[in-house]
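Accompanying notes for the structure given below.
Indexing begins at 1, ligand by ligand and atom by atom, following the structure's order. Position 1 is the first residue of the sequence, and the numbers go up from there.
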Amino acid sequence: MKIQNSVALVTGANRGIGRALVQELLASGAKRVYATARDIRTLKDLLETDGDRVKAVQLDITDRHQVAQVACNLRDVNLLINNAGVLSGVGVLNGPVEHMVQEMDTNHLGTLNMVRHFAGVIEENGGGAVVNLLTIIALASMPGFGAYSASKAAAWSMTQSIRAELKARNIEVYGVFPGAVDTDMIKDVQMPKTSPDEVAKAILAGVEAGTEDIFPDPMSQQLYEQWRRDHKAVERLLGAM
Ligand SMILES: NC(=O)c1ccc[n+]([C@@H]2O[C@H](COP(=O)([O-])OP(=O)(O)OC[C@H]3O[C@@H](n4cnc5c(N)ncnc54)[C@H](OP(=O)(O)O)[C@@H]3O)[C@@H](O)[C@H]2O)c1
């Protein structure tokens, strides 16, 4: 799909990868970008960059009523970028269940909720694309982040389902599997990280190229190659981290 002249909606646009995606969409010629966030005040800076093309919208993706309302109001969207996500950093055996519920509600069901409401909008506009931010640790679990991995693995499976179902409605579906990205989400994790700007550029390049599974940074590309050769070796590697 071409980014030029697209009408995009980005969830969790106020910081991290979401914010970088809004800037990259503007640089790539998007006609309009709906930058959405739970707290609309956090979008002030983005609005100042291009008030004509950026529209701020309040949106919590776990609020089904609000998602339905926003989809009713924004009838021109043809590129939905499901970026919003949470990471609690708990394992599945002993982590608080509330954290696991929040991760599943946001990363899987919140993302699905967006797709269910916007698929009809995109179809009415002649087709377009859905982009779901997953993670490289959806392919194999990192036990310290086990609950997060499980929620993103569910979102990956859902991404495959909707790809098959939405094809006939002229909607392309992309899954993005980043490695470590330098945002608030993993600010306390010490390891080499890629900048959100580079990741955003690679995501949009993948969408333009029609690459269904996008590995937007060196860590994810390397782990994916290893996983293709020997997925059990990657399971053991991440399992020991
Ligand atoms: N950073 C990484 O290393 C990495 C690696 C792989 C995948 N990812 C994925 O990439 C995406 C972006 O992550 P990031 O690194 O940019 O994280 P981040 O800096 O922590 O930003 C997360 C964004 O999601 C928003 N959000 C969380 N729950 C939400 C909800 N219920 N409704 C609407 N927005 C919500 C946050 O809003 P508030 O400001 O209101 O909290 C924030 O804007 C996520 O899906 C993440 O899982 C990140």
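The shell of residues lying under 4.0 angstrom from ligand 1, judged by heavy atoms, excludes D39. Proximity of L134 to ligand 1 is established by a heavy-atom distance of less than 4.0 Å. At least one heavy atom of T106 sits closer than 4.0 Å to an atom of ligand 1. Not a single heavy atom of A37 sits under 4.0 Å from any atom of ligand 1.
Below 3.5 Å of separation, one finds no N or O of G18 facing any N or O of ligand 1. For a threshold of 3.5 Å applied to N or O pairs, the pair formed by T135 and ligand 1 contains no separation below that value. For ligand 1, none of its N or O atoms has an N or O atom of I186 under 3.5 Å away.
Here the shortest heavy-atom distance to atom 48 (C) of ligand 1, taken over M185, M114, M219, K193, belongs to M185. Between atom 44 (C) of ligand 1 and the options N132, N83, I203, the minimum heavy-atom separation is to N83. Which of G12, G85, G16 comes nearest to atom 22 (C) of ligand 1 through a heavy atom is settled by distance: it is G85.
Contacts of T36 with ligand 1, taken as heavy-atom pairs under 4.0 Å, are absent altogether. Here L59 has backbone heavy atoms under 4.0 Å from ligand 1, and that is the only part of it that gets that close. Proximity of P178 to ligand 1, defined as any heavy-atom pair under 4.0 Å, is shared by backbone and side chain alike. Counting heavy atoms closer than 4.0 Å to ligand 1, residue V86 contributes side-chain atoms (C-beta onward) but none from N, CA, C or O. Looking at K152 against ligand 1, only its side chain comes within 4.0 Å, counting heavy atoms.
Take E24 and apply the salt bridge (charged side-chain N to carboxylate O under 4.0 Å, His left out) test, not counting sequence neighbours, and it matches K201.
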Quiz: residues 172-183 side-chain donor-acceptor pairs under 3.5 angstrom, not counting sequence neighbours:
unit_1: E172; atom_1: OE1; unit_2: M1; atom_2: N; d: 3.3
unit_1: E172; atom_1: OE1; unit_2: Y174; atom_2: OH; d: 2.5
unit_1: Y174; atom_1: OH; unit_2: V207; atom_2: O; d: 3.3
unit_1: T183; atom_1: OG1; unit_2: M185; atom_2: N; d: 3.2

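Nearest protein heavy-atom contact of atom 40 (O) of ligand 1 is R38 NE, 3.0 Å. The protein atom (non-hydrogen) at minimum distance from atom 32 (N) of ligand 1 is I61 N, 3.0 Å. Here the protein heavy atom with the shortest distance to atom 47 (O) of ligand 1 is Y148 OH, 2.6 Å. Scanning the protein for heavy atoms near atom 16 (O) of ligand 1, the closest one is I17 N, 2.8 Å. The nearest heavy-atom contact from the protein to atom 4 (C) of ligand 1 is G179 O, 4.0 Å.
Remark: R38 does not engage D63 in a salt bridge, criterion side-chain N to carboxylate O under 4.0 Å.
Side chain of R32 to backbone of K55: no donor-acceptor contact under 3.5 angstrom is found.
Counting atoms of ligand 1 from 1 in the listed order, those under 4.0 Å from a heavy atom of N14 are 37 (O), 38 (P), 39 (O), 42 (C), 43 (O).
Screening T11, N73, D76 against Y34 for a side chain to side chain donor-acceptor pair (under 3.5 Å) leaves a single residue, D76.
Residues I203 and L133 have side chains in contact (heavy-atom distance under 4.5 Å, counting atoms from C-beta outward). Looking at heavy atoms from C-beta onward, V115 lies out of side-chain contact with T159 at the 4.5 angstrom threshold.
Taking the six-membered ring for Trp and thresholds of 30 and 60 degrees, F145 and Y148 have ring planes more than 60 degrees apart, a perpendicular arrangement.
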Going through the checks in order, is the side-chain contact (heavy atoms from CB on, under 4.5 Å) test met by L204 and L21?
CA-CA 8 Å; L204 297 192; L21 278 165; 4.2 Å; yes
